[in-house]
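Comments concern the structure below.
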Amino acid sequence: MDMTTATLAQQQPNSDSAARKAFYDAIAVHSLTPLWEVLHALVPTSPNTPCVPAFWKYADVHPYLMQSGELITAEEAVRRVLILENPALRGRSCITQSLYAGLQVILPGEIAPSHRHTQSALRFVVEGSGAYTAVDGERTEMKPGDFIITPSWTWHDHGHQGGQPGYLDSDAPVVWLDGLDIPMLQFFDAGFAENGNAKSQAVTKAQGISSARYGANMLPMRYDAPFGQTSPIFSYPYERTREALHELETHADIDAWDGVKLRYVNPATGGSPMPTMATFMQRLPAGFSGKPYRQTDGAVFSVVEGTGSVTIERNGQISTFEFGPRDHFVIPSWHTAQLHSAQGCVLFSFSDRPVHQALGIHKEERVS
Ligand code: 1HN
């Protein structure tokens with residue numbers, strides 16, 4: 001090819017689609033693919049999540065949780081959980097592309113055996129009493145509305161003491177929401193796990209010791225983070241959260257988008273309780289009609305008290321969910337959400353916001 005032909009070839013690329021197809025087939029054999037066919041999808045003008053808004057009414061889910069208790073023990077299952085799968089991502093065990101959520105049930109007398117894994121977990125107690133979770137030798141009671149952490153690579157097991165002395169009244173199953181960063185660790189191929197030798201780990205610490213040491217707005221003199229970047233407090237009881245929200249609702253300004261919303265913190269850093277997941281609790285006052293907002297972190301909600309509704313919109317597609325206690329829903333990334341409550345309500349939520357923030361890509365838009 002002389003210079004003239006080469007220049008001509010550059011100026012008149014072959015736009016024949018058959019020729020291009022033949023070219024793609026030829027390079028495919030060498031594990032090559034043309035960027036120009038996928039560029040727009042790879043770098044969208046705004047987040048284009050495959051996740052869809054979804055709603056799990058507790059009245060629909062509860063009978064299946066109870067039936068699962070008749071089919072398999074907590075011990076055989078290891079963790080008896082019904083996964084909340086995003087309807088657009090079935091088979092992938094996730095509620096958003098980065099987060100896993102499930103409802104776990106444990107019956108009086110049962111244990112869920114000890115193990116540990118690099119995935120971080122949060123528990124948000126939905127109903128029942130008499131269960132405990134043990135983390136690193138310390139047990140903590142699980143009461144409705146409590147937010148509890150299992151830090152990465154810590155031994156953990158759960159049990160229900162119903163029927164035992166001191167727990168004679170706790171004869172009902174205990175259900176909690178599990179939130180884990182499983183899809184993120186899958187993405188990074190960084191998951192490890194190990195089973196414990198004993199079904200229930202040895203209790204080596206007094207119940208409440210972590211909360212006394214780290215949870216009184218004080219820290220030990222020579223603080224040495226026991227769980228790396230994860231909060232040293234592993235239980236954030238609802239009683240205190242509820243009281244704070246109530247005081248703020250009564251005496252402070254109400255945010256037009258969020259109502260009264262607080263984020264849980266690692267008291268040693270002021271950052272999120274876990275490196276991969278942020279958690280929040282908010283109260284919408286009676287008569288609240290929130291302004292629309294969207295954020296890049298898709299969020300999973302558990303309704304604690306009261307009733308309300310959420311409207312979720314993306315590209316003209318609108319979903320509205322009327323929620324009550326123990327219902328769950330997900331607002332995917334960059335979907336515009338609006339919260340309403342005639343009666344007033346309390347909502348727990350979690351998202352992967354700390355990761356967005358660490359990467360400098362978190363974005364939130366509050367529409368007036
Ligand atoms: C896990 O360890 C728990 O400890 C719950 O309760 C759900 C889902 C996948 C992998 C590990 C728990 C889990 C899990």
Side-chain angles (χ1 to χ4, degrees), residues 56 61 64-65 68-69 72-86 89-107 109-128 130-144 146-161 173-201 203 227 230-231 234-236 273-277 279 300 302 328 330 348 350 352:
W56 291 265
V61 177
Y64 296 121
L65 286 171
S68 73
I72 191 164
T73 63
E75 191 173 339
E76 190 194 346
V78 182
R79 297 294 184 263
R80 192 204 286 116
V81 179
L82 297 183
I83 302 174
L84 306 180
E85 263 192 337
N86 193 288
L89 305 173
R90 294 308 303 273
R92 287 175 45 187
S93 304
C94 59
I95 190 156
T96 68
Q97 295 228 88
S98 60
L99 296 171
Y100 160 103
L103 289 169
Q104 179 159 179
V105 58
I106 190 159
L107 305 176
E110 286 192 320
I111 59 114
S114 187
H115 70 187
R116 61 177 177 174
H117 38 71
T118 45
Q119 290 83 359
S120 296
L122 68 87
R123 331 277 168 199
F124 184 71
V125 186
V126 169
E127 68 170 342
Y132 67 83
T133 187
V135 171
D136 206 33
E138 182 181 346
R139 286 187 180 181
T140 192
E141 226 182 304
M142 301 181 97
K143 298 187 301 305
D146 291 355
F147 156 54
I148 294 164
I149 295 175
T150 307
S152 173
W153 206 242
T154 52
W155 293 108
H156 57 283
D157 50 78
H158 320 297
H160 193 319
Q161 296 174 295
V174 172
V175 176
W176 65 83
L177 171 71
D178 286 315
L180 287 91
D181 52 13
I182 292 172
M184 264 188 259
L185 270 75
Q186 226 164 30
F187 178 78
F188 291 119
D189 287 328
F192 294 88
E194 203 178 343
N195 285 323
N197 297 323
K199 281 178 191 169
S200 303
Q201 66 182 291
V203 175
F227 306 121
T230 301
S231 173
F234 67 98
S235 174
Y236 295 75
M274 284 155 290
T276 49
M277 292 182 284
T279 47
V300 180
S302 182
H328 293 84
V330 56
F348 171 83
F350 72 96
D352 58 358

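Whatever order the structure lists ligands and atoms in, that order sets their numbers, starting from 1.
- Considering only heavy atoms from C-beta on, T279 comes within 4.5 Å of F348 through its side chain.
- A search for salt bridge (charged side-chain N to carboxylate O under 4.0 Å, His left out) contacts involving D146 returns K143, not counting sequence neighbours.
- Those atoms of ligand 1 with a heavy atom of R123 less than 4.0 angstrom away are 3 (C), 4 (O), 5 (C), 6 (O), 12 (C).
- Annotation for ligand 1: atoms under 4.0 Å from non-hydrogen atoms of H115 are 1 (C), 2 (O), 4 (O).
- At a cut-off of 3.5 Å, with distance as the only test, no side-chain donor of T150 or H156 sits close to an acceptor on the other residue.
- At a 3.5 angstrom cut-off on N or O pairs, Y100 does not count as close to ligand 1.
- Closest protein heavy atom to atom 5 (C) of ligand 1: D178 OD2, 3.4 Å.
- Shortest contact from atom 12 (C) of ligand 1 to any protein heavy atom: R79 NE, 2.8 Å.
- Looking only at atom types and distance, the side chain of Y236 has a donor-acceptor partner in the side chain of S231 under 3.5 Å away.
- Atom 6 (O) of ligand 1 has H158 NE2, 2.6 Å as its closest protein atom, hydrogens excluded (heavy atom only).
- By the salt bridge (charged side-chain N to carboxylate O under 4.0 Å, His left out) test, R139 pairs with no residue at all, sequence neighbours left out.
- A salt bridge between R92 and E85 is absent, with no side-chain N of the basic residue lying under 4.0 Å from a carboxylate O of the acidic one.
- Taking a cut-off of under 4.0 Å to the non-hydrogen atoms of H156, the atoms of ligand 1 that pass are 2 (O), 4 (O).
- Of all the atoms in ligand 1, the ones that sit under 4.0 Å from a non-hydrogen atom of Q104 are 5 (C), 6 (O), 12 (C).
- Annotation for ligand 1: atoms under 4.0 Å from non-hydrogen atoms of I182 are 8 (C), 9 (C), 10 (C).
- Taking a cut-off of under 4.0 Å to the non-hydrogen atoms of H117, the atoms of ligand 1 that pass are 1 (C), 2 (O), 11 (C).
- Using a 4.0 Å cut-off between a side-chain N of Lys or Arg and a carboxylate O of Asp or Glu, R123 and D178 qualify as a salt bridge.
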